[in-house]
A.B. asks: 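What follows is a structure written as C-alpha cells; I'll ask about it next.
Every chain is numbered from 1 and lettered A, B, ... according to where its sequence line falls, protein lines coming before strand lines.
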2 protein chains.
Amino acid sequence: MHEPLLDLRKLRYFLAVAERLHFGRAALDLRISQPALSRQVRQLEHDIGTDLFVRTSREVTLTPAGEQLLEDGRHLLAAARRAGERARRAAGQDRLTVGFMLGVQVDPLLAAFAAARPDVTVRLERLRWWNHGESLQDGRVDVAAIRLPVRSDEGLRMLTLDQERLVVALPAGHPLAGEASVPVGALSGEPVLRYADAGSAWNAFWTVDPRPDGTQPASGPEVRDMEEILAYVRAGRGVAFLPQPVTAAFRRPHIAYVPVSGVPPGTVVLAWPVTERSGPTRDFVEAVRAAGAG
Amino acid sequence: MHEPLLDLRKLRYFLAVAERLHFGRAALDLRISQPALSRQVRQLEHDIGTDLFVRTSREVTLTPAGEQLLEDGRHLLAAARRAGERARRAAGQDRLTVGFMLGVQVDPLLAAFAAARPDVTVRLERLRWWNHGESLQDGRVDVAAIRLPVRSDEGLRMLTLDQERLVVALPAGHPLAGEASVPVGALSGEPVLRYADAGSAWNAFWTVDPRPDGTQPASGPEVRDMEEILAYVRAGRGVAFLPQPVTAAFRRPHIAYVPVSGVPPGTVVLAWPVTERSGPTRDFVEAVRAAGAG
DNA sequence: GGGCATTGATGCCGGCAGGGCATCGATGGC
DNA sequence: GCCATCGATGCCCTGCCGGCATCAATGCCC
C-alpha cells in the first residue's frame, strides 16, 4: 500500500550529488556515509522509474532525467521550505521559538522576555553550528543565541550577548593538564582535531587560527562528533579547542580542560533574520537588550 | 542529524484530514489505520513547529497555520508529482512502463511489442484497482492492462483486450460449491463481501449490481484485503465475486471458486492517457491492436 | 441526568527501512 | 603494473511506521 510518492529527503540527497557530481563529497556534506547516500539515490531512481546518473568509477554524469530533476527539484525543495515557513507564520503572534547552542545559558533571556511578554508561549530548540543559519532563515526558529562566526550571507542581525573563554581538551596525563592555564603557543606542536566538513570560517574557529602569537596549528584527524574528539584526545592523538561552557556537558574521566591564554575569547550573539518575522521576535530582542543594559 | 524537512507522505496525510476534517474517514481513504494517521499528523505538527488542527472529540478544525498549509500543500504535492513526471518524460523514448492488474496476462502484449520495437526497454508495474488512474495520469506507467470500470474523469483512451468470466468464492462446504456453474440468482441470499473504501462504480463491480435477473445483492462485511475476503468466505460469513483469472493467485484449501452464470463478463482493456506521452506508448497500442486482429 | 455511540489519543509490538562499517570491483594515473 | 580513487555491496542494528486493542472525552437521546 506504500506510496511511491517523491521523497523530499531522497530528493535533497539527489540534489547534493547532482550539484557536486560526486557521491563521496555529497555524502560528507549531507553528514551521512557514502554507502547510505548511494543507496538512497538508487531508491529514488527506482521510485521515479528512471536512472538519474550515469556512474563510472571515475565520473558521475547526469542523465537527461537527472538534469530535469535537478532543475525541478531545487524549486520543489525551496517550495517545501517556504510552505513550512508560511504555515508557521500563519500560526500567529503568540508563540516564539528560541534557538540555542550547547552551553549557552538561555534562562536569563527567557526570564527577561517572559516579564515583557507573558502572553507569548516560548519553545526552545537546540541548534548546531552547521545548521543554525538554515533554521533561522526558514523560520524554524525566530531568534537564537549562537556562537560566532556566522556566514555573512545568512542575512542575520545580531546583538552581542557574551564572551566565552577558550579551553583546550587534553588527556589527563598530558604535561600541561594540571596547569591553571596554558599559552596557545605551548600547544603549537599538538595536532588539532577538526570537524570533517566545516567551512573555512568554522575551521579557523576550531583550530584557533590565526593565532596572535603567530604560531601555526598542526592539522590533526578529522572528526564528526564530539565523542570522537574525546576518544582521540584521551588516546593522545590530538587536542581540541572549545568554548569553556560546553565542557560542562562533556566531563569525562581522563580528560582535562585547561583554559587557553593569549587568544581572544569567543563571542555569543543573539541572532535573528533581517526579514523580521514576528512582533515577538522584536520584543525578545528588545527585552534582552534592556536586560543587558540594566 | 535528522532533517526536519517537510515530509510529503505526512503532508499527504495532513491534506486528507484537512479536506475531510475527520481522522477516521481520512484514514480509510488513505488505507491506513486511524491511530497511525493521528500520530503522523502529530509528528508533522511537531516538525513544522505549530499545531495544524484543533481537535475536540466531536469536531476537527483547522488552525490558521493549517489553513495556510492546506493551500500551499496542495500545490506542493502537485508540484512533486509533476516533477517526477517531468523527470520520467525527460528520460527519453527508449523505455516504456507497462502496468497490469493481478491475473491479466501481459506476455502476449509484450511479445507483440518486442517484435515491433525491440529497441525499447520495458518495465512492468503491478497496479491495483484503486491506484491505476493515478499511476497512468502521473506517468508512472505509460500504458496498462486493467479491468473496467474506470472513472470517466481519468482521461484515458482504451482498447478492449479480453473478457473475463466471473466466479464466486464459496466455502468448500457450501451446497453450491460442487456445481459446474451457479446462476447469480441462487446467490441473492448470500451477503457479498465488499471493499471498504471502493467508489460506487467499483462497489457495483464487486457486488455484481445491478443483476440481469433483477435480484439484489445482500450487503456483507467490508474488507480491505483479499486475504480478509478469503477468511470471511471460509468462515461462511459471506461470498465474493471476482474475475476468474485472479483465482489462480489465491487457490486455498476449503475455498471453492464456481463460475457464475447469468451475468455479463468483466472486461479487460488496454488503457493509456489521452495526453499521449511517448512514441513507444503509441507503438505499444498499435502492436497490441495489430496482434489482436491477427 | 445517565447510559451510549462516536472519535481521536495512547500503549504495545512487529517488520522494515535507513544508516553505519568493512570490503569489493572497476578505472585511470604514475 | 602497482596504486589511488570512488561507487557498489554485504551485514548489522536502531528507530520509525503501521497495526491492534484500549482509553478518554464529548454530545446525544431517552
Side-chain angles (χ1 to χ4, degrees), chain A residues 1-14 16-47 51-63 66 196-197 221-225 227-228 231, chain B residues 1-14 16-47 51-63 66 196-197 221-225 227-228 231:
Chain A
M1 245 47 42
H2 40 81
E3 282 298 310
L5 190 65
L6 200 61
D7 177 352
L8 290 189
R9 183 172 37 81
K10 294 191 180 76
L11 179 61
R12 195 171 67 94
Y13 290 178
F14 161 77
V17 179
E19 285 168 0
R20 289 165 190 68
L21 293 177
H22 192 297
F23 279 76
R25 295 285 179 197
L28 262 182
D29 212 68
L30 292 168
R31 312 188 146 260
I32 63 174
S33 68
Q34 170 265 317
L37 178 57
S38 283
R39 258 187 298 235
Q40 292 299 313
V41 173
R42 281 278 188 227
Q43 288 198 9
L44 180 64
E45 290 175 322
H46 181 263
D47 289 347
D51 285 356
L52 299 169
F53 293 107
V54 179
R55 304 148 167 86
T56 76
S57 65
R58 267 298 145 194
E59 196 178 27
V60 173
T61 329
L62 284 165
T63 62
D197 43 4
E222 300 205 325
V223 298
R224 313 193 54 187
D225 183 277
E227 296 300 338
E228 286 184 24
Chain B
M1 244 49 38
H2 39 83
E3 281 300 308
L5 191 65
L6 203 59
D7 177 353
L8 289 189
R9 183 172 37 81
K10 294 190 180 76
L11 178 62
R12 196 171 66 96
Y13 289 178
F14 160 77
V17 179
E19 284 168 1
R20 289 164 191 68
L21 293 178
H22 193 296
F23 279 77
R25 294 286 179 197
L28 262 182
D29 212 68
L30 291 168
R31 312 185 148 261
I32 63 174
S33 68
Q34 170 265 318
L37 178 58
S38 283
R39 259 188 298 236
Q40 292 299 313
V41 172
R42 281 278 188 226
Q43 288 198 7
L44 180 65
E45 290 176 321
H46 181 263
D47 290 347
D51 285 357
L52 299 168
F53 294 106
V54 179
R55 305 149 167 85
T56 76
S57 64
R58 268 298 145 193
E59 196 178 28
V60 172
T61 330
L62 283 165
T63 63
D197 45 4
E222 301 204 326
V223 298
R224 313 194 53 188
D225 183 279
E227 297 299 337
E228 286 183 25

A.B. asks: For B:Leu21 and A:Lys10, find the nucleotide of DNA chain C closest to each by heavy atoms; which residue's nucleotide sits nearer the 5' end?
C.D. replies: B:Leu21
A.B. asks: Mind checking side-chain contact (heavy atoms from CB on, under 4.5 Å) for A:Ala231 and listing every partner two or more places apart, or none if nothing turns up?
C.D. replies: none
A.B. asks: Among all residues two or more places apart in sequence or in another chain, which pass the side-chain contact (heavy atoms from CB on, under 4.5 Å) test with B:Ile32?
C.D. replies: B:Tyr13, B:Leu30, B:Ala36, B:Leu37
A.B. asks: Just to be sure I understand the rule, does B:Glu59 reach a base, reach only the sugar-phosphate, or reach nothing, if contact means heavy atoms closer than 4.0 Å?
C.D. replies: nothing
A.B. asks: Give me each pair satisfying salt bridge (Lys or Arg N to Asp or Glu O under 4.0 Å) with a member in residues 17-28 of chain B, each pair once, sequence neighbours excluded.
C.D. replies: B:Glu19-B:Arg74, B:Arg20-B:Asp29
A.B. asks: Would you call A:Leu6 and A:Asp47 a side-chain contact if the rule is heavy atoms closer than 4.5 Å?
C.D. replies: no
A.B. asks: Would you mind telling me which of B:Leu52, B:Val54, B:Leu21, B:Val17 makes a side-chain contact (heavy atoms from CB on, under 4.5 Å) with B:Leu62?
C.D. replies: B:Leu21
A.B. asks: Can you measure B:Gln34 atom CD to D:dG19 atom C1' for me and round it to whole angstrom units?
C.D. replies: 12 Å
A.B. asks: Can you run down the ring pair (Phe, Tyr, Trp, His ring centres under 6.0 Å) pairs that involve residues 18-39 of chain B, sequence neighbours left out, and say none if there aren't any?
C.D. replies: B:Phe23-B:Phe53
A.B. asks: Determine whether B:Ser38 and B:Arg42 make a side-chain contact, defined as any pair of heavy atoms from C-beta on separated by less than 4.5 Å.
C.D. replies: no
A.B. asks: Under 4.0 angstrom, heavy atoms only, what part of the nucleic acid is A:Phe53 near: base, sugar-phosphate, or nothing?
C.D. replies: nothing
A.B. asks: Just jot down the side chain to side chain donor-acceptor pair (under 3.5 Å) partners of B:Thr63, sequence neighbours excluded, or say none.
C.D. replies: none
A.B. asks: Restricting to salt bridge (charged side-chain N to carboxylate O under 4.0 Å, His left out), what partner residues turn up for B:Asp7, sequence neighbours left out?
C.D. replies: B:Arg9, B:Lys10
A.B. asks: Across nucleotides 25-30 of chain D, 5' to 3', mark each nucleotide with B, S or - according to how protein heavy atoms within less than 4.0 Å reach it.
C.D. replies: BBS---
A.B. asks: What are the 5'-most and 3'-most nucleotides of DNA chain C lying under 4.0 Å from any heavy atom of chain B?
C.D. replies: C:dA5 to C:dC12
A.B. asks: Which protein N or O atoms sit under 3.5 Å from an N or O of nucleotides 11-15 of chain D?
C.D. replies:
{"residue": "D:dC11", "atom": "N4", "partner": "A:Arg39", "partner atom": "NH1", "Å": "3.2"}

